[in-house]
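Reading through the structure tokens given below for one structure.
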Amino acid sequence: MNIERRETTPKDVEIEILYCGVCHSDLHTARNDWGGSLYPVVPGHEIVGRITNVGSEVSKFKVGDLAAVGCLVDSCGHCDSCKEDLEQYCLNGFTGTYNGKDKHLGGHTFGGYSQKVVVDEHFVLSVPENLDLAAVAPLLCAGITTWSPLRHWKVGPHSKVAVVGLGGLGHMAIKLAKGLGAEVTLFSRTPGKTEDAKQLGADHVVISTDDSQMDTVKGKFDLIIDTVPYEHDINPYMHTLTLNGTLVLVGFVGEFGEAEVSTRPMIFQRRSVAGSLIGGIAETQELLDFCGKHNIVSEIEVIKMQDINHAYERMLKSDVKYRFVIDMKSL
């Protein structure tokens, strides 16, 4: 199909899309797993490209610059959240890169599985020149989703961080926590991921189904980043938090259903269960700058646009290490 993109307004940037990452959200939206999908759907919110046109009032970018667009292309700009650079929590609702309300053309927004995109410069990000562009793409969602809680809970050289799940989000959580200087542990249900986790930067791997191993890390972690994307039991992990420790959910969206969460470990050690959603524009730029300085990118498999349905099926089987990225030349 032909997508109508708006003409560049004075504040707009037009970007030729070179690469677009493939997120589980793309699959869920394409198949209406969450309900509310607006068809035709054009997914993609991990966009990396080169600027081909800028509006007359654009001050941050010029034609030829590398640029990126993540999950947000607009927000109200004046609520308390937006004023604090927390556009992802816009009290009036942010505009998603796809399947959001298009304030300019009407209808809904179309994402990065396309040739170009036009976005207000406030929501456009600078990309460090030294990084592999294809491998940068997943930083715009998988990267910022794990970076934001690491920063909010002030992870640093003396922190002890655990990650639950070694997928697209989990592998970025390990890399970024390690980059911040933390001691990093992966919780895994099976021992088969130990070598991969160590190569990504994990200091330790604990098999969460082994009670004796879990006993060795009781009261250890300041922060646990739980990246598991489906309903699961978080109770075993709560006992591994320190006093004032937090388990933050970043992978599962929905109801826990039959799973019951015990308040005992929370009340008796002032532990918390929290949630976190991507990051604001300033925080995402901070992430990209950090990754440029420390040469951190995602582990990817580049695919052609024509292979997207096969890639979706492989994602459902966790058959990717660790993120698919579409080479838009194939479109």
Side-chain angles (χ1 to χ4, degrees), residues 22-37 41 43 45 71 88-89 96 99 138 141-146 148-150 152-153 161-174 177 185-193 196-197 205-211 213-214 217-218 221 223-241 245-267 269 271-279 311-324:
V22 181
C23 179
H24 263 281
S25 301
D26 301 349
L27 170 60
H28 291 313
T29 304
R31 298 186 176 182
N32 200 27
D33 292 337
W34 295 332
S37 292
V41 168
H45 57 202
C71 304
Q88 76 273 34
Y89 302 122
N99 221 52
C141 182
I144 187 59
T145 296
T146 50
S148 189
L150 288 170
H152 179 75
W153 277 276
V161 175
V163 177
V164 184
L166 186 62
L169 294 175
H171 95 285
M172 286 309 312
I174 290 173
T185 299
L186 172 71
F187 280 123
S188 178
R189 294 179 61 82
T190 58
K193 296 182 178 179
D196 287 348
V205 176
V206 172
I207 306 304
S208 58
T209 52
D210 185 327
D211 291 342
Q213 289 195 34
M214 292 295 281
V217 290
K218 279 186 176 180
F221 302 113
L223 181 69
I224 299 174
I225 297 182
D226 187 330
T227 71
V228 175
Y230 48 80
E231 185 179 325
H232 58 288
D233 185 6
I234 64 171
N235 288 303
Y237 306 113
M238 296 301 297
H239 296 281
T240 70
L241 288 169
T246 300
L247 183 148
V248 57
L249 296 159
V250 298
F252 178 65
V253 179
E255 304 293 331
F256 266 112
E258 298 299 318
E260 296 182 355
V261 178
S262 172
T263 61
R264 182 177 295 276
M266 290 189 270
I267 290 172
Q269 289 290 304
R271 296 162 173 150
S272 302
V273 176
S276 182
L277 175 73
I278 53 173
Y312 281 167
E313 292 301 323
R314 286 180 56 194
M315 284 169 64
L316 290 172
K317 300 172 186 174
S318 299
D319 179 25
V320 56
K321 289 185 177 179
Y322 286 94
R323 207 76 169 181
F324 287 119

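Hydrogens, waters and symmetry mates are skipped; everything else that's a heavy atom, side chains included, is used.
- Residues Ile224 and Val164 are in side-chain contact: their nearest non-hydrogen atoms beyond the backbone lie under 4.5 Å apart.
- Taking the side chain as every heavy atom from C-beta outward, Leu241 and Leu247 approach each other to under 4.5 Å.
- Taking SG of Cys23 as the reference point, atom NE2 of His28 lies at 8.0 Å (rounded to 0.5 Å).
- Contact check for Val22 versus Arg323: no side-chain heavy atoms found under the 4.5 Å cut-off.
- Partners of Tyr322 by ring pair (Phe, Tyr, Trp, His ring centres under 6.0 Å), not counting sequence neighbours, listed by chain and number: His171.
- Scanning both residues, Met214 and Ile207, for their nearest heavy atoms gives CG-O, 4.0 Å.
- The shortest distance between side-chain heavy atoms of Val41 and Asn99 falls below 4.5 Å.
- Applying the side-chain contact (heavy atoms from CB on, under 4.5 Å) test to Thr145 and every residue at least two apart in sequence or in another chain returns Cys141, Leu169, Val250, Ile278.
- Here Ile267 pairs with Thr263 under the side-chain contact (heavy atoms from CB on, under 4.5 Å) rule; sequence neighbours left out.
- Note: His232 and Phe252 have perpendicular aromatic rings, judged against thresholds of 30 and 60 degrees for the angle between ring planes.
- In this structure, the side chains of Phe221 and Val161 stay at 4.5 Å or more apart for every pair of heavy atoms.
- Under a 3.5 Å cut-off, the side chain of Tyr312 and the backbone N or O of Ala30 do not form any donor-acceptor pair.
- The backbone N or O of Thr246 lies less than 3.5 Å from no partner atom in the side chain of Arg271, so there is not a single donor-acceptor pair.
- Here the closest heavy-atom approach between residue Val206 and residue Gln213 is recorded as CA-OE1, 3.6 Å.
- Taking the ring pair (Phe, Tyr, Trp, His ring centres under 6.0 Å) definition, one finds that His239 meets it with nothing, sequence neighbours left out.
- With values rounded to the nearest 0.5 angstrom, Leu277 atom CG is found 8.5 Å from Ser148 atom OG.
- A donor-acceptor pair under 3.5 Å is absent between the side-chain atoms of Asp26 and the main chain of Pro43, judged by distance alone.
- Contact check for Phe187 versus Pro236: no side-chain heavy atoms found under the 4.5 Å cut-off.
- Annotation: salt bridge (charged side-chain N to carboxylate O under 4.0 Å, His left out) contacts of Arg314 (sequence neighbours excluded): Glu301, Asp319.
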Could you walk me through whether Ser25 and His45 pass the side-chain contact (heavy atoms from CB on, under 4.5 Å) test, one step at a time? CA-CA 9 Å; Ser25 301; His45 57 202; 4.0 Å; yes
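- Every residue was checked against the ring pair (Phe, Tyr, Trp, His ring centres under 6.0 Å) condition with Phe324, not counting sequence neighbours, and none meets it.
- For Arg31, the CZ atom counts as densely surrounded, since its 6.0 Å shell holds more than 12 non-hydrogen atoms of other residues, nucleotides or ligands.
- Annotation: side chain of Asp226 is in contact with side chain of Ile234 (closest heavy-atom distance under 4.5 Å).
- Thr227 contributes a side-chain N or O that, together with a main-chain N or O of Gly165, makes up a donor-acceptor pair within less than 3.5 Å.
- Within the 3.5 Å criterion, the main-chain N or O of Ala142 finds a donor-acceptor partner in the side chain of Thr146.
- Between the side chain of Ser272 and the backbone N or O of Ala274 there is no donor-acceptor pair closer than 3.5 Å.
- Side-chain contact between Lys193 and Val205 is absent, with no heavy atoms from C-beta onward closer than 4.5 Å.
- Under the 3.5 Å distance criterion, the side-chain polar atoms of Asn235 are matched with a main-chain donor or acceptor of Ser262.
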